[in-house]
Number of protein chains: 2
Amino acid sequence: MENTAENVRAQMRKGVLEYCILSILNKREAYASAIIEELKAANMIVVEGTLYPLLIRQKNQGLLSYRWEESTQGPPRKYYVISDKGREQLAQMDEAWKELVETISTLKEK
Amino acid sequence: MENTAENVRAQMRKGVLEYCILSILNKREAYASAIIEELKAANMIVVEGTLYPLLIRQKNQGLLSYRWEESTQGPPRKYYVISDKGREQLAQMDEAWKELVETISTLKEK
DNA sequence: TTTTGGTACTTTGTGATACAAGGTATTATA
DNA sequence: TATAATACCTTGTATCACAAAGTACCAAAA
């Protein structure tokens with residue numbers, strides 16, 4: 001098992017992705033490719049094969065809904081929208097994230 | 001699939017565990033039960049079935065070594081010690097953690 | 001001296017999930 | 001009517017955290 005700097009980042013972000021998606025959709029609705037672009041801009045690379053099943057899982061959990069919209073530049077886009085339940089979940093995740101940051105900080109103390 | 005607050009925390013910390021272990025062992029050598037105690041004190045619950053294989057993986061990667069030590073209170077303990085390679089890895093992880101915190105922060109900006 | 005309880009290390013099976021790779025479908029343009 | 005670009009989806013694989021059960025050592029009580 002290799003352990004390059006890239007692998008370290010990949011490892012570390014596991015489980016945080018779901019949080020990122022909800023955070024993005026809490027700002028504005030978006031379709032998958034746009035979400036990937038925003039993640040890339042924030043320095044977190046995600047591939048389609050990861051994102052699509054994740055969006056479907058969150059939709060099935062009632063955290064998101066979606067609607068189709070025509071595009072002038074290709075096939076129709078599936079715009080995802082965060083739901084009330086999704087916002088509740090996001091609030092929990094905000095809390096969990098704060099705690100995780102605190103936990104790491106505590107562990108670093110000598 | 002349930003999604004309690006506890007599950008959220010569990011999900012989120014995936015991949016961060018390895019970082020936590022190296023951070024603890026960078027302060028002082030320790031055996032598994034003591035590591036679990038320190039994690040619990042920092043609000044991160046981990047069970048034996050998770051920790052032992054993880055320590056073995058890190059040892060096999062050359063990040064840790066160990067030595068046996070007698071105990072007055074039961075069977076001998078396996079004390080793990082971080083290696084030079086482990087410290088290098090930890091430095092990379094410190095960087096990756098900083099970036100991840102930054103990434104989340106960026107995604108939260110409207 | 002046998003049993004009991006506590007401590008510590010280990011293994012097996014399961015479910016979740018990120019990714020690589022490949023596939024389908026729509027639209028515009030050459 | 002190809003071709004390229006865009007967009008969505010699926011399958012197979014590897015990894016990993018966890019639950020649960022097992023093994024081994026030691027000391028103190030019965």
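We name chains A, B, ... by the order of the sequence lines, and we start the count at 1 in each one. All values below come from the heavy atoms of this structure, side chains included, with hydrogens, waters and symmetry mates left out.
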Rounded to the nearest Å, what distance is computed from the CG atom of residue A:L54 to the C1' atom of nucleotide C:dA18? 9 Å
For A:K40, the side-chain hydrogen bond (donor to acceptor under 3.5 Å, both in side chains) test, sequence neighbours excluded, returns none
Candidates C:dA18, C:dA8, C:dA20 - which lies nearest the side chain of A:L17: C:dA18
A:E69 CD - C:dT26 P separation (whole Å): 18 Å
Rounded to the nearest 0.5 angstrom, the CD-CZ distance for B:Q61 and B:R57 is 8.0 Å
Could you list the cluster mates of A:V81? Members are the ILVMFWY residues connected by side-chain heavy atoms closer than 4.5 Å, either directly or through other members. none
Round to a whole Å and report the spacing from CG of B:N60 to C1' of C:dT10. 14 Å
Rounded to whole Å, the CD-P distance (B:Q73 to C:dG5) equals 18 Å
Within this structure, what is the CD1-to-P distance between B:I36 and D:dA19, rounded to whole angstrom? 12 Å
Sequence neighbours excluded, every pair satisfying ring-ring contact (aromatic ring centres under 6.0 Å, His included) that has a member inside residues 25-58 of chain B: B:Y31-B:Y79
Could you state the atom-to-atom distance from CD of A:Q58 to P of C:dT17 in whole Å? 10 Å
Please name the pair of heavy atoms, one in A:L22 and one in A:Q89, separated by the smallest distance, quoted to 0.1 Å. CD1-CG, 3.6 Å
If the condition is side-chain hydrogen bond (donor to acceptor under 3.5 Å, both in side chains), which residues does A:S23 pass it with, not counting sequence neighbours? B:K108
With respect to the phosphate group of C:dT10, does any side-chain polar atom (N or O) of B:R57 fall under 4.0 Å of OP1 or OP2? no
Rounded to 10°, the helix from C:dT1-D:dA30 to C:dA30-D:dT1 deviates from straight, judged by its five-pair end axes, by 20°
Under 4.5 Å between side-chain heavy atoms, counting indirect links through other Ile/Leu/Val/Met/Phe/Trp/Tyr residues: same cluster for B:V101 and A:L39 or not? yes
Regarding B:S71, tell me which of base, sugar-phosphate or nothing describes its non-hydrogen contacts under 4.0 Å with the strands shown. nothing
Would you kindly give the CD-to-P distance between B:E18 and D:dC16, to the nearest whole Å? 7 Å
Between atom CG in A:L51 and atom P in C:dA20, what is the gap in whole Å? 14 Å
If you restrict it to nitrogen or oxygen atoms, what contacts under 3.5 Å exist between nucleotides 8-11 of chain D and the protein, and what is each distance?
unit_1	atom_1	unit_2	atom_2	d
D:dC8	OP1	A:K78	N	2.8
D:dC8	OP2	A:Y52	OH	2.7
D:dC8	O5'	A:Y52	OH	3.3
D:dC8	N4	A:E48	OE1	3.1
D:dC9	OP1	A:K78	NZ	2.5
D:dC9	N4	A:E48	OE1	3.4

Is there a continuous path of hydrophobic side-chain contacts, each under 4.5 Å between heavy atoms, that joins A:Y80 to A:W68? yes
Return yes if some donor-acceptor pair links the side-chain N/O of B:S83 with the main-chain N/O of B:L63 below 3.5 Å, else return no. yes
